[in-house]
Amino acid sequence: MPELPEVETVKNYLEPLLKGQSFAEIEILNPNLRIPVPDDLSEKLANHKIEQVTRRAKYLAIYLENNSVLVIHLGMTGKIFAHQELPDTDKHDHLLFRLNNGDYLRFNDVRKFGLVTYLNDNDLTKSKLFSHLGIEPLSDEFNGKYLREISKNSNLEIKKFIMEQKNVVGVGNIYASEALFLSRINPTRPSSKISQKDTDNLVKNIKGVLELAISKGGSTIKDYRLVTGESGYFQHEFKTYGKENNPCKICSTPIKKIVQGGRSTFYCPKCQKN
DNA sequence: AAACGCGCCTGCGGGC
DNA sequence: TGCCCGCAGGCGCGTT
């Protein structure tokens, strides 16, 4: 899936398409997602004006005039395509949204780790999907002081720590590797062993890499596509992710691949010392 | 109670 | 060519 920059990019595309419109009908083609798509989705959401299109963590939260919220998560392979007329559907399409202006949105998800549902209450914190989520990485609350405070007593490896959604949301497997490289921190270093100065730097680099990726329209690897079907561009700027055995951009040492918590991690063993 | 590891599901590419 | 295995932007759950 899409990590935070990809979801933010989707949000930015959807906002002008949706804001002020309403859903005329939402057709469920296949309800079998991470949680089943509720039968009454269309009934609950249709014909209520769309007020806001937002992102929280890696979720899209689309607020309607009747206080309900359409919630979409793209999982690993979820995609949303926009069309100006009735599109052909393929076997991994799960929902087809028809807007009052005749546009369509198509939700496609090969691996079905995504979800589409609604909330009756627009206070996201009341939902089980959102209640446990930590702060946003691009917010002012996410700063070196905060990160050091929550990490200084943890022996969890730093890459796992920053990917933990209760600590900070939206930092996925790619951007965790990239931010640690930029910060010259070994991904296996215990969180407690990172100085305030290095923590400040890590926060700066997490924000920097996410913002840069957003500015490039996210990263396209395999399945992820922009709403328009175009690719994002940030994948061309990866310094470590997927670069096993390629020379480090700084010192030319071959990039190493290890596995942490079942996820691949890429880093430079020379630049990123423990 | 934090932390691990597994399962959810499908497709693709590499190795044999 | 074909089969089998490992791996993939995430996340929640049960178990230690």
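This structure is a prediction, so every number in the text was calculated from the model and none was measured. In what follows, chains are A, B, ... by sequence order, proteins preceding strands, each numbered from 1.
For DNA chain B, if you chain together Watson-Crick or G-U pairs that step i with j, i+1 with j-1 and so on, the runs of at least three with distances under 3.5 Å are B:2-8 with C:10-16, B:10-16 with C:2-8.
The ring-ring contact (aromatic ring centres under 6.0 Å, His included) analysis of residues 41-65 of chain A, with sequence neighbours excluded, yields the pairs A:Tyr59-A:His73, A:Tyr59-A:Phe130.
Listed by chain and residue number, A:Gln196 satisfy the side chain to side chain contact (heavy atoms under 4.5 Å, CB included) test with A:Asp200 (two or more places apart in sequence, or in another chain). When the side chain to side chain contact (heavy atoms under 4.5 Å, CB included) test is applied to A:Glu149, the partners found at least two apart in sequence or on another chain are A:Lys152.
We find that OH of A:Tyr59 is positioned 6 Å from P of C:dC11, with the value rounded to whole Å. Rounding to whole angstrom units, CD1 of residue A:Ile35 and P of C:dG10 are separated by 18 Å. Atom CE of A:Met76 and atom C1' of C:dC11 are 10 Å apart (whole Å). In this structure, A:Leu115 places its CG atom 10 Å from C1' of C:dC11, rounding to the nearest Å. As rounded to whole Å, 12 Å separates atom C1' of C:dC7 from atom CG of A:Asn173. Regarding A:Arg56, its CZ atom lies at a distance of 12 Å from the P atom of C:dC11, rounded to whole Å.
No donor-acceptor pair closer than 3.5 Å links the side chain of A:Glu244 to the backbone N or O of A:Phe266. Looking at A:Gln52, its side chain never comes within 3.5 Å of a backbone N or O of A:Ile50 through a donor-acceptor pair.
Between the side chains of A:Lys159 and A:Thr265, at least one donor N or O lies within less than 3.5 Å of an accepting N or O. Neither side chain, A:Ser22 nor A:Asn47, offers a donor N or O lying under 3.5 Å from an acceptor on the other.
The distance from the CG atom of A:Asn67 to the CG atom of A:Asn122 is 4.5 Å, given to the nearest 0.5 Å.
Spacing between C:dC13 and B:dC9 at atom P, rounded to whole Å, works out to 15 Å. C:dC7 and B:dG5 have their P atoms separated by 15 Å, with the value rounded to a whole Å.
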Check your understanding: If the sugar-phosphate is the primed atoms plus P, OP1 and OP2 and the base is the rest, what is the B/S/- string for nucleotides 1-6 of chain B, using protein heavy atoms under 4.0 Å?
Key -> --SS--

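Cluster annotation: A:Leu74 and A:Val69 are assigned to distinct hydrophobic clusters (Ile/Leu/Val/Met/Phe/Trp/Tyr, side-chain heavy-atom contacts under 4.5 Å, transitive).
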Protein-nucleotides 13-16 of chain C N/O pairs under 3.5 Å:
from   : atom 1 : to       : atom 2 : distance (Å)
C:dC13 : OP1    : A:Lys128 : NZ     : 3.3

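Under the 30°/60° scheme for interplanar angles, the aromatic rings of A:His83 and A:Phe81 are found to be tilted. Note: A:Phe234 and A:Phe238 have perpendicular aromatic rings, judged against thresholds of 30 and 60 degrees for the angle between ring planes.
A donor N or O paired with an acceptor N or O is not found under 3.5 Å between the base of C:dA8 and the side-chain atoms of A:Arg263.
Residue-nucleotide stacking is present for A:Phe113 and B:dC8, judged by a side-chain ring centre under 5.5 Å from the six-membered base ring centre and planes under 30° apart.
Here the nucleotide nearest the side chain of A:Gln165, chosen from C:dA8, B:dG11, C:dC11, is C:dC11.
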